[in-house]
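What follows is a set of notes on a single structure, which appears directly below.
Position 1 is the first residue of the sequence; numbering continues from there.
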Amino acid sequence: MAADIVRRRLWARGRWKVPWTFLFLASLLLQTSCADQTEEYLKREHSLTKPYQGVGSSSSSLWDLTGNVLVTPQYVRLTPDQQSKQGAVWNRVPCYLRDWELQVHFKIHGQGKKNLNGDGFAIWYTKDKMQSGPVFGSKDNFVGLGVFVDTYPNEEKQHERVFPYISAMVSNGSLTYDHSRDGRPTELGGCTAMVRNLDHDTFFVIRYVKRRLTIMIDIDGKHEWKDCLDVPGVRLPRGYYFGASAVTGDLSDNHDLISLKLYQLSVTRSPDEEAADKEVFIPSVDNMKLPGVDQSSEPMSGFALFIIVFFSILGLVFAAVILLIVYNKWQERSRKHFY
């Protein structure tokens, strides 16, 4: 399946120039060897692409802007290479897809030398949007998913990790991103990604399929995806918003988005997988305890909620009828006593 995704991505970028016959045969071989048959469809209402017409400047725009964002025909600059800047773009349309893939085309560049640049940017899939804060320009204690491209090491004794570094975090609103430790206490995993001041295109892709979160990077100019993170048991509710934000402090960089492309993935599920794939209302990760969430309790289904509400209303109606009968009896007795 990963090979199929790679082939389609490279073809979409126009980087493969091979005979049609070979492409057709390769496609058949790849498809027949995949256990999970996957089709994908670009969702333009959740995508940000050139020339960014109307972005943030009209009521019909699908994206909102905040902070120091600059929109040009070639890129959307979240922050300029200046100190103490922050900016964000947020999709106005909530995403109700069950399986999806977000391809991020970006560029980070500036005048600062190694470890004298910062701070990085984030891609979000969260319940709330357009709320500025300290986590790469967006709010802390968020509800949902954050993927961080961190370009500056804040932890002083940092030897085992090389920056820039890409990591992911899932929160139900109870977790705080620890800047002093570069988010390590709450991260799901990550990888080093040397992405600053490169002459070629840089990409990463966030894939969410069957409750599995995968991140792959393409940053070497070789047109190849490399694994960065793979976490099963990630439970994300539907109806959240995609966004991107960046921040600079004493150190700075240009943080540019070239495109955000969201693909709907049509994934085959077995009957057992369908039965187990229940609706999610609170973000969580299997085998990871989030404060304030009882992992053993299952969220209430819509039908169960309907039954509870129905019988509650029925009980109230029944109580009202009883009270009315009692009241009428009392009135009759009062009249008899009076006469």
Side-chain angles (χ1 to χ4, degrees), residues 9 12-14 40-82 84-97 100-110 119-139 142-149 151 166 195-196 198 200-208 218 238-248 252-264:
R9 282 291 171 275
R13 297 178 202 162
E40 59 185 34
Y41 309 92
L42 178 65
K43 306 300 289 184
R44 298 189 182 279
E45 65 270 27
H46 300 300
S47 298
L48 180 68
T49 58
K50 297 178 183 179
Y52 323 110
Q53 292 180 347
V55 171
S57 62
S58 68
S59 59
S60 60
S61 173
L62 297 174
W63 293 84
D64 285 317
L65 310 179
T66 182
N68 304 110
V69 176
L70 172 67
V71 180
T72 77
Q74 299 303 317
Y75 55 80
V76 175
R77 178 157 292 168
L78 298 176
T79 68
D81 188 6
Q82 300 173 14
S84 302
K85 301 295 183 181
Q86 68 177 29
V89 294
W90 284 94
N91 193 199
R92 292 179 179 177
V93 184
C95 178
Y96 289 96
L97 302 180
W100 49 264
E101 177 181 296
L102 181 65
Q103 178 185 313
V104 183
H105 183 187
F106 67 98
K107 186 175 182 63
I108 301 177
H109 57 107
D119 287 327
F121 77 98
I123 298 295
W124 302 99
Y125 176 70
T126 55
K127 182 178 181 180
D128 302 312
K129 63 187 181 76
M130 295 293 288
Q131 296 188 19
S132 300
V135 185
F136 297 94
S138 192
K139 66 170 290 187
F142 61 89
V143 179
L145 168 70
V147 176
F148 312 120
V149 183
T151 58
I166 298 178
V195 294
R196 289 193 70 249
L198 299 179
H200 53 262
D201 291 333
T202 49
F203 302 83
F204 68 88
V205 63
I206 307 168
R207 201 162 189 263
Y208 183 64
D218 175 7
R238 291 190 279 185
Y240 282 12
Y241 296 91
F242 285 105
S245 65
V247 67
T248 65
S252 62
D253 256 336
N254 296 304
H255 298 97
D256 298 343
L257 286 180
I258 313 303
S259 67
L260 297 174
K261 294 181 180 180
L262 185 76
Y263 293 86
Q264 178 182 4

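Among residue pairs with one or both ends in residues 65-76, none qualify as salt bridge (Lys or Arg N to Asp or Glu O under 4.0 Å); sequence neighbours excluded. Residue pairs meeting the salt bridge (Lys or Arg N to Asp or Glu O under 4.0 Å) criterion with at least one member in residues 63-72, sequence neighbours excluded, are Asp64-Arg92, Asp64-Lys129. Sequence neighbours left out, not one pair with a member in residues 48-63 passes salt bridge (Lys or Arg N to Asp or Glu O under 4.0 Å).
The CZ atom of Phe121 sits 7.5 Å away from atom CG of Leu78, with the distance rounded to the nearest 0.5 Å. Considering CG of Leu262 and NZ of Lys43, their distance stands at 8.5 Å, rounded to 0.5 Å. In this structure, CH2 in Trp90 is found 13.0 Å from CG in Leu65, a value given to the nearest 0.5 Å. Interatomic distance, CD1 of Ile123 versus OG of Ser138, reported as 11.0 Å (0.5 Å rounding). Note: Ile258 CD1 to Leu48 CG = 10.0 Å, rounded to the nearest 0.5 Å. The NZ atom of Lys107 lies 10.0 Å from the CZ atom of Arg77; values are rounded to the nearest 0.5 Å.
Listed by chain and residue number, Phe148, Tyr177 satisfy the ring-ring contact (aromatic ring centres under 6.0 Å, His included) test with Phe136 (two or more places apart in sequence, or in another chain). The side chain to side chain donor-acceptor pair (under 3.5 Å) search around Asp81 returns Ser252, not counting sequence neighbours. Judged as a side-chain contact (heavy atoms from CB on, under 4.5 Å), and not counting sequence neighbours, Ser84 has no contacts. In this structure Asp119 satisfies the side chain to side chain donor-acceptor pair (under 3.5 Å) test with no other residue, sequence neighbours excluded. Residues passing the salt bridge (charged side-chain N to carboxylate O under 4.0 Å, His left out) test with Lys139, sequence neighbours excluded: Asp128. Partners of Phe242 according to the ring-ring contact (aromatic ring centres under 6.0 Å, His included) rule, which considers only residues two or more places apart in sequence or in another chain, are Trp100, Tyr125. Residues that satisfy the side chain to side chain donor-acceptor pair (under 3.5 Å) test with Tyr241, not counting sequence neighbours, are absent from this structure. Here Trp63 pairs with nothing under the side chain to side chain donor-acceptor pair (under 3.5 Å) rule; sequence neighbours left out. The ring-ring contact (aromatic ring centres under 6.0 Å, His included) check on Phe204 picks up Phe106, with sequence neighbours excluded.
With a 4.5 Å cut-off on side-chain heavy atoms, Asp201 and His105 count as touching. For the pair Tyr41 and Leu97, the minimum side-chain heavy-atom distance is 4.5 Å or more. Put simply, the side chain of Val143 reaches to within 4.5 Å of the side chain of Tyr240, judged on heavy atoms. Considering only heavy atoms from C-beta on, Pro80 comes within 4.5 Å of Asn254 through its side chain.
Applying the 6.0 Å contact sphere to CZ of Arg238 captures more than 12 heavy atoms from other residues, nucleotides or ligands.
The main-chain N or O of Gln74 is found under 3.5 Å from a side-chain atom of Tyr52 such that the two form a donor-acceptor pair. Of the possible donor and acceptor atoms, none in the side chain of Ser245 sits under 3.5 Å from a partner among the backbone N and O of Ala88.
A pairwise comparison of heavy atoms in Thr66 and Ser132 identifies OG1-OG, 4.2 Å as the closest pair. Closest non-hydrogen pair, Leu62 versus Glu45, comes out as CD1-CA, 3.5 Å. Across every non-hydrogen atom of Phe142 and Gly144, the tightest pair is CE1-O, 3.5 Å. His46 and Pro94 get closest at one heavy-atom pair: CE1-O, 3.3 Å.
Looking at Thr79, Thr248, Thr151 one by one, the single match for side-chain hydrogen bond (donor to acceptor under 3.5 Å, both in side chains) with His255 turns out to be Thr79.
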